[in-house]
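Notes to accompany the following structure.
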Amino acid sequence: MEKLQTVVDLTTKHQHALGYGLVTLLTAGGERVFSAVVFECPCSATWNLPYGLVFLLVPALVLFLLGYVIRGRTWRLLTGCCEPGARTGCSRGPRGLLVCAQLIGAAALAPLTWVAVALLGGAFYECGASGSGVMARFLCQGRDFDCMDQLPLVPCKKAPKPAVQNLQMELRAQSQIIGWILIAAVIIFFLIITSITRCRSPVSYMQLKFWKIYMEQEQKIFKSEATEHATELAKENVKCFFKNADPKECFTPSRKDWKQISSLYTFNVKNQYYSLLHKYVNRKGRSHSSKSSEGDIVDPVLQFVDTPGIDTTSGL
């Protein structure tokens, strides 16, 4: 039991890293199965390029959109944003652009994985490039005049001349080189961005660790209390319905109260609240508002405050 508890604790502690790793593995595995079972290059000068591009880019686009959908921060930003008279609640200007950039970066992991694995495999690139007139002129330069006509047949290994069929190895090498360059560029980019955001962090490393522990506990307690309160309210309403009685008073936060704790978190050096709930509770007696005030900023290193725990919409 102790070993099992240790595994559970490690899983909980590193759930974000494990989640990203699982997404990467599933995407890579899906691409391999997709290219082996579904993909079949038409070997046509007309269809090779669009067919290859569709298999390379459309699944990446779908994964990118899904990355937006499953993120709780997206819906925290959008829910109620278009309500009449609530336009001021939407993030605009540099703050809104920063939040969108963070969402794009988080949603880009799976599509970039798909494209990189597909390029390393080479099948999609071979099919698409063999149907491109630009690539045909480049590859067939100095070769037989009918090389450009035979090039679309290369992915199917049907090119009559061995010299033309050997271009398949060159296409695969190009695809793999581009794939490794993409992987290196993405890793370097994210490393630079992570280093810059950590370097500019308004709080220290140990305070960040404490902050994350606080968010985990707040969400756990909030869910427990919300479940208990909702159960009590539901029982009272059902009981009164069947007994035709008046319900006893049971306080429930107002619509305005819920809005106060549902917007995006902003950090202020003067008032270091650990969440919107923390800010709302402490400001309630003074202004009864947890909206952004002067000096509030959206800091990339604190984006976990809006998406504690597993970053999906399953808890909505």
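For this chain, numbers begin at 1 and follow the sequence in order.
- Both Phe210 and Phe267 sit in one connected hydrophobic cluster of ILVMFWY residues. Membership requires side-chain heavy atoms under 4.5 Å apart, directly or through other members.
- Under the 4.5 Å side-chain criterion, counting only non-hydrogen atoms from C-beta, Cys147 is in contact with Leu167.
- Ser262 is not listed as a side-chain neighbour of Leu276, based on a closest heavy-atom distance of 4.5 Å or more.
- For Ser175, the side chain to side chain donor-acceptor pair (under 3.5 Å) criterion is met by no residue, not counting sequence neighbours.
- The side-chain contact (heavy atoms from CB on, under 4.5 Å) test applied to Lys158 returns Leu153, Cys156, not counting sequence neighbours.
- Taken from CG in Asp306 to CZ in Arg71, the straight-line distance is 12.5 Å, to the nearest 0.5 Å.
- With sequence neighbours excluded, no residue forms a salt bridge (Lys or Arg N to Asp or Glu O under 4.0 Å) with Asp149.
- Between the side chain of Trp114 and the backbone N or O of Leu63 there is no donor-acceptor pair closer than 3.5 Å.
- In the displayed structure, Trp211 atom CH2 is contacted under 6.0 Å by more than 12 heavy atoms of other residues, nucleotides or ligands.
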Listing, residues 185-208 side-chain donor-acceptor contacts under 3.5 Å, not counting sequence neighbours, or none:
| from | atom 1 | to | atom 2 | distance (Å) |
| --- | --- | --- | --- | --- |
| Thr194 | OG1 | Phe190 | O | 2.7 |
| Ser195 | OG | Leu191 | O | 2.8 |
| Thr197 | OG1 | Ile193 | O | 3.1 |
| Thr197 | OG1 | Thr194 | O | 2.9 |
| Ser201 | OG | Val203 | N | 3.3 |
| Ser201 | OG | Val203 | O | 2.8 |
| Ser204 | OG | Gln207 | N | 3.4 |
| Gln207 | NE2 | Gln272 | OE1 | 3.0 |
| Gln207 | NE2 | Tyr274 | OH | 3.4 |

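- By the 4.5 Å heavy-atom criterion applied to side chains, Thr266 and Ile297 are not counted as neighbours.
- Within the structure, the salt bridge (Lys or Arg N to Asp or Glu O under 4.0 Å) test picks out the following pairs touching residues 242-255 (sequence neighbours left out): Glu83-Arg255.
- The side-chain contact (heavy atoms from CB on, under 4.5 Å) check on Leu66 picks up Val62, with sequence neighbours excluded.
- Atom CG of Leu119 and atom CG of Leu56 lie 5.5 Å apart (nearest 0.5 Å).
- Distance SG/Cys250 to NZ/Lys235: 12.0 Å, rounded to 0.5 Å.
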Let me check something: any side-chain donor-acceptor pairs from residues 48-55 under 3.5 Å, sequence neighbours excluded? List them with distances.
| from | atom 1 | to | atom 2 | distance (Å) |
| --- | --- | --- | --- | --- |
| Asn48 | OD1 | Cys43 | N | 2.9 |
| Asn48 | OD1 | Ser44 | N | 2.6 |
| Asn48 | ND2 | Ser130 | OG | 2.9 |
| Asn48 | ND2 | Pro152 | O | 3.1 |
| Tyr51 | OH | Glu40 | N | 3.3 |
| Tyr51 | OH | Glu40 | O | 3.3 |

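- Side-chain contact between Leu182 and Val115 is present, with at least one heavy-atom pair separated by less than 4.5 Å.
- Within the 4.5 Å cutoff, the side chain of Ile104 has heavy atoms near those of the Tyr68 side chain.
- Distance CD1/Ile183 to CD1/Ile178: 12.5 Å, rounded to 0.5 Å.
- Of all heavy-atom pairs between Ala159 and Val164, the closest is CB-CG1, 4.1 Å.
- Across all their heavy atoms, Ala129 and Met135 have their closest contact at O-CB, 3.4 Å.
- With rounding to the nearest 0.5 angstrom, the OG1 atom of Thr252 is 5.0 Å from the CG atom of Leu233.
- Closest approach of Pro111 to Ala60, counting heavy atoms only: CB-O, 3.1 Å.
- Under the rule for a salt bridge (Lys or Arg N to Asp or Glu O under 4.0 Å), the partners of Glu236 that lie at least two apart in sequence or sit in another chain are Lys239.
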Exercise. I would like to know whether Met169 and Val154 meet side-chain contact (heavy atoms from CB on, under 4.5 Å); could you show each step before the answer?
Key: CA-CA 10 Å; Met169 298 178 62; Val154 167; over 6 Å; no

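- The closest side-chain donor-acceptor pair between Asn268 and Tyr273, if any, does not fall under 3.5 angstrom.
- Between the side chain of Gln219 and the backbone N or O of Glu216 there is no donor-acceptor pair closer than 3.5 Å.
- Residues passing the side chain to side chain donor-acceptor pair (under 3.5 Å) test with Asn166: none are found, sequence neighbours excluded.
- Partners of Gln168 according to the side chain to side chain donor-acceptor pair (under 3.5 Å) rule, which considers only residues two or more places apart in sequence or in another chain, are Glu126, Lys157, Gln165.
- Residues satisfying the side-chain contact (heavy atoms from CB on, under 4.5 Å) test with Val238, not counting sequence neighbours, are Phe242.
- Annotation for Val305 and Met215: closest pair O-CE, 3.5 Å, computed over non-hydrogen atoms.
- In this structure, OG1 in Thr113 is found 4.5 Å from CG in Leu109, a value given to the nearest 0.5 Å.
- Looking at heavy atoms from C-beta onward, Lys279 lies out of side-chain contact with Gln260 at the 4.5 angstrom threshold.
- A search for side chain to side chain donor-acceptor pair (under 3.5 Å) contacts involving Glu218 returns Tyr214, Ser275, not counting sequence neighbours.
- The two residues Phe39 and Cys127 make their nearest non-hydrogen contact at CZ-CB, 3.6 Å.
- In terms of heavy-atom proximity, Pro155 sits nearest to Leu151 at CD-O, 3.8 Å.
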